[in-house]
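Taking it in order: structure first as structure tokens, then the write-up.
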Amino acid sequence: MNNINKMAKRLTALAMCTTMMCSVGMLTSCEDMLTVSTDDKIYENANDTVYSYFGILTCLQDIAERQVLLGELRGDLVSTTQYATDTIHAIANFDNPQDGSCSMLNIRDYYNVINNCNLYIANADTSMVKSNIKYMIPEYAQVQIIRAWTYLQLVQNYGEVPFILEPIESLDIIDKFNFSENLVNKDNLIERILETGILEFIDTKYPNYKQWDNGAVQIATQKAIIPLRLVLGDMYLLRGKNETDYRTAAQYYYDYLNKTASITTTQYCEAVKSKSRNSSEEYSYRNVSSGEEWGRWAGVYTNNSSNDCITIIPSSANRQFGTMLTRVADIYGYTPTSSQHTNTTEGSDESSSSGAITVSPNFKSQTAPSGAYYTVNKSQSFIYYDDATTVPTRVEYESGDARYGFSIDEYSHESEPYELCSKAAIGNTFFYTIPIYRKTLVWLRLAEAVNRSGFPEMAFAILKDGLCSNNMPVPAIKYEIHPGITSEGDTLLTEDGDIIYVSDTIPYLKLNNFGAMYYVDSLELKNFYLDFTGDSWNGNFGIHARGCGYGSWPGQTNSNVRTNISGYSDSICYDYSRLILAQGFRPEIKSEAISAVENLIVDELALELAFEGYRFTDLVRIANHKINAGENGKEWLANKIASRDIRINTYKDINEGKINTELYEKLKEPKNWYLSLPVFEK
């Protein structure tokens with residue numbers, strides 16, 4: 001414990017020094033807000049604190065890119081190349097480089113954010129009133145949330161860290177602080193955060209300032225807001241010690257989605273539908289593997305994305321406008337170039353500045369999409385129903401998930417093909433924001449929490465069809481095999497008029513009115529604690545549809561028919577029991593169904609969120625779910641990451657690469673999942 005004390009003193013001293021150095025000077029223009037750091041003073045009005053608040057956001061910029069890179073380099077979706085630096089290679093192979101050995105491994109930057117928040121919280125006067133409103137509260141609440149979110153990132157990256165709420169303004173404060181009794185980890189973080197009184201701000205309105213001009217685009221300040229419910233949901237999900245934790249996490253995610261009317265759409269990733277705007281309004285379908293005529297992730301990453309992006313950390317176009325976040329694009333294989341332009345109005349002495357960041361692919365990229373990423377994409381299939389005839393004809397493609405084409409950039413150099421992770425840039429286009437939360441991410445974490453709460457069928461419904469009043473699964477009775485049914489496609493009419501359908505793997509399935517082919521045990525549906533029957537959920541789609549299907553077949557006349565990824569009354573493409581059985585689990589055994597659905601969620605996290613920085617912490621969190629449930633979570637995680645270079649094409653019967661046995665043995669030890677804390681040296 002003495003080493004922890006020494007380490008903690010060292011890192012907090014470093015954070016304090018950083019804060020004190022950053023507190024010198026103050027800029028006043030709106031364009032330069034992101035370059036302002038905390039001024040150590042008593043804050044008496046919004047004009048004072050706005051600079052401190054935006055100074056804290058500047059500190060967040062210092063950790064934004066490492067969150068992405070640490071999350072992906074250590075996961076299973078990114079491989080390092082021969083051009084990777086020693087540090088990048090060491091991080092990816094869990095050689096645990098010493099803290100401070102590179103800019104991505106400076107824990108003090110996290111404590112710099114925290115210390116700036118502590119200074120703000122200690123000094124801001126929240127009693128100030130204007131028009132009978134305590135107008136400082138919204139910003140004060142957001143600073144509390146930023147501090148909580150930063151501690152969450154620390155715990156996920158380092159395992160256990162000092163929990164400091166007092167502003168560090170002198171080494172004397174550090175000497176008197178009891179570090180040994182103030183350590184937080186996944187098991188006690190939520191309790192310590194709740195002790196700060198943060199729940200008081202659960203419904204506090206968000207602060208709102210002017211647009212940020214980053215030199216290239218205008219960014220709404222609302223996009224930098226971190227919702228408290230999502231942070232609390234993440235903390236309960238991270239702890240996951242029992243069903244109560246999972247239910248609480250699910251409730252926070254649900255409440256956020258419900259209050260913001262957030263549904264899953266297919267706006268960015270309609271996999272198999274491409275309108276051909278000719279005179280007859282015909283629809284054309286093409287093989288998704290070509291990547292043609294489908295949008296890219298720019299729509300998610302830019303500030304104009306209001307439908308999916310919740311919280312972002314912005315980048316500036318050049319140094320005049322603030323911090324440039326180009327490292328992710330650079331390590332993913334794009335060479336960035338920043339430019340600055342001065343525009344002078346004719347006949348006037350006034351001028352304005354602008355800038356831009358452009359990128360170009362670099363064939364010496366340090367990273368590339370892994371074999372595991374290729375495999376999980378190419379193992380997907382999608383279908384649609386061609387309505388050229390009276391009865392729509394089922395068409396199935398086996399070329400993979402459409403999001404593969406969204407998430408990678410393919411090009412060649414000297415006749416050699418190359419693939420780049422394109423979530424930060426593509427072609428010559430740089431994306432100026434780094435997302436922290438997207439609505440689809442929240443839905444996937446909701447599914448994760450619902451599943452471990454004991455409701456695997458409902459969790460699967462979030463993936464498959466999307467929960468809403470028009471598309472809720474209905475209770476089904478599990479019948480014994482009827483002697484009169486001998487083959488797939490036979491039906492049985494029960495006494496109460498229910499139609500029982502026979503598939504090749506499931507004895508009986510009840511069809512609901514909208515073609516949902518999975519069933520839900522009546523007791524599970526009765527006990528399910530979240531209500532998706534309200535009008536606000538209408539229009540919701542299954543997340544898997546974003547890469548493997550679409551929401552309605554062309555030319556339909558019945559607006560209630562929701563074909564989604566499974567097509568119209570289709571069970572073959574994405575079926576609950578079939579997908580569970582394929583993993584060697586039994587769908588009728590609840591614990592096995594939960595584990596199998598969790599694995600499907602892990603795949604969906606890869607398909608939807610690859611290269612955005614969540615992957616490794618997602619794998620660790622889910623591995624801990626499995627461990628807490630008595631499953632082999634350690635081996636599961638070790639195998640996932642050690643197999644990342646294996647590339648399988650199930651349709652071409654190709655299997656390339658092999659498991660990294662050294663990495664597998666290393667990752668069977670949970671202590672190796674976390675970054676090293678600073679080493680104290682006298």
Side-chain angles (χ1 to χ4, degrees), residues 64-97 101-106 291 296-298 301 315 317-319 323-339 355-375 377-378 403-432 434 606 610-613 615-616 641-647 656-658 660 662-663:
E65 291 188 295
R66 77 188 59 182
Q67 281 297 115
V68 175
L69 294 169
L70 291 175
E72 297 302 332
L73 290 172
R74 296 180 294 161
D76 62 329
L77 306 179
V78 170
S79 293
T80 55
T81 72
Q82 60 180 317
Y83 304 109
T85 65
D86 290 344
T87 300
I88 295 296
H89 183 80
I91 291 172
N93 286 277
F94 294 83
D95 293 336
N96 230 338
S101 60
C102 77
S103 57
M104 278 193 292
L105 298 173
N106 275 320
R296 296 282 185 166
W297 283 105
Y301 264 59
S315 170
N318 57 50
R319 296 190 183 280
T323 303
M324 295 187 298
L325 304 179
T326 57
R327 174 170 290 182
V328 175
D330 181 46
I331 291 179
Y332 280 174
Y334 298 89
T335 302
T337 302
S338 175
S339 62
I357 294 175
T358 57
V359 292
S360 57
N362 180 358
F363 74 92
K364 292 185 178 181
S365 170
Q366 297 188 60
T367 62
S370 70
Y373 176 69
Y374 177 90
T375 298
N377 277 272
K378 295 305 179 181
R403 287 165 289 190
Y404 184 84
F406 290 75
S407 305
I408 66 169
D409 190 6
E410 297 177 330
Y411 73 106
S412 62
H413 175 76
E414 296 180 351
S415 300
E416 289 291 326
Y418 289 86
E419 293 179 337
L420 300 181
C421 309
S422 62
K423 288 288 188 74
I426 187 171
N428 65 348
T429 303
F430 177 77
F431 305 151
Y432 287 100
I434 292 179
F611 319 136
E612 296 183 43
R615 187 58 175 177
F616 182 67
I641 298 174
S643 302
R644 62 187 168 198
D645 290 327
I646 298 176
R647 183 183 180 101
E656 300 173 347
K658 60 182 180 179
N660 185 330
E662 181 181 350
L663 189 56

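Numbers here simply count residues along the sequence, with the first being 1.
In this structure, Arg615 contributes its side chain and Ala610 its backbone to no donor-acceptor pair below 3.5 Å. Although no hydrogens or angles enter the test, the distance criterion places no donor-acceptor pair under 3.5 Å between the side chain of Glu419 and the main chain of Ala368. A donor-acceptor pair is defined here as one N or O able to donate and one able to accept, closer than 3.5 Å; no such pair exists between the side chain of Ser412 and the backbone of Pro417. Between the side chain of Asp95 and the backbone N or O of Pro97 there is no donor-acceptor pair closer than 3.5 Å. Tyr411 contributes a side-chain N or O that, together with a main-chain N or O of Asn362, makes up a donor-acceptor pair within less than 3.5 Å. Counting only distance, with no hydrogens or angles, the side chain of Ser370 and the backbone of Asp76 share a donor-acceptor pair below 3.5 Å. With hydrogens and angles disregarded, a donor-acceptor distance shorter than 3.5 Å links the side chain of Glu72 to the backbone of Gly613. Arg66 places no side-chain N or O within 3.5 Å of a backbone atom of Leu105 that could act as its donor or acceptor partner.
We find the CG-OH distance between Asp409 and Tyr418 to be 14.0 Å, quoted to the nearest 0.5 Å. The CD1 atom of Ile426 sits 11.5 Å away from the SG atom of Cys421 when rounded to the nearest 0.5 Å. Separation of atoms OG1 (Thr326) and OH (Tyr432) is listed at 11.0 Å; rounding is to 0.5 Å. Atoms OG and CD, on Ser103 and Glu65 in that order, are 9.0 Å from each other to the nearest 0.5 Å. Once rounded to the nearest 0.5 Å, the distance linking OG1 of Thr335 with CG of Asn428 reads 12.5 Å. Once rounded to the nearest 0.5 Å, the distance linking CG of Asn377 with CD1 of Ile408 reads 8.0 Å.
For the side-chain contact (heavy atoms from CB on, under 4.5 Å) test, residues two or more places apart in sequence or in another chain that qualify with Ala329 are Tyr334, Ala424, Ala425, Phe430. Under the salt bridge (charged side-chain N to carboxylate O under 4.0 Å, His left out) criterion, Asp86 pairs with no residue at all, not counting sequence neighbours. By the side-chain contact (heavy atoms from CB on, under 4.5 Å) test, Thr85 pairs with Thr87, Ile88, Gln366, sequence neighbours left out. By the ring pair (Phe, Tyr, Trp, His ring centres under 6.0 Å) test, His413 pairs with Phe363, sequence neighbours left out. Taking the ring pair (Phe, Tyr, Trp, His ring centres under 6.0 Å) definition, one finds that Tyr373 meets it with Tyr404, Phe611, sequence neighbours left out.
Between Ile434 and Gln67 the shortest side-chain heavy-atom distance does not fall below 4.5 Å. Between Asn318 and Ile357, every side-chain heavy-atom pair lies at or beyond the 4.5 Å cut-off. In this structure, the side chains of Thr367 and Ser365 come closer than 4.5 Å at one or more pairs of heavy atoms.
The two residues Ser643 and Ala372 make their nearest non-hydrogen contact at O-CB, 4.3 Å. Closest approach of Ile641 to Arg74, counting heavy atoms only: CD1-O, 3.4 Å. Pairing each heavy atom of Leu420 with each of Gly333, the nearest pair is CD1-O, 3.4 Å. Shortest non-hydrogen contact noted between Ser79 and Gly371 is OG-N, 4.5 Å. Taking each heavy atom of Thr80 and Ala92 in turn, the nearest pair found is CG2-CB, 3.6 Å.
For residues 327-337, there are no salt bridge (Lys or Arg N to Asp or Glu O under 4.0 Å) pairs, not counting sequence neighbours.
The only option from Val68, Ile91, Asn93 that meets the side chain to side chain contact (heavy atoms under 4.5 Å, CB included) definition with Leu73 turns out to be Ile91.
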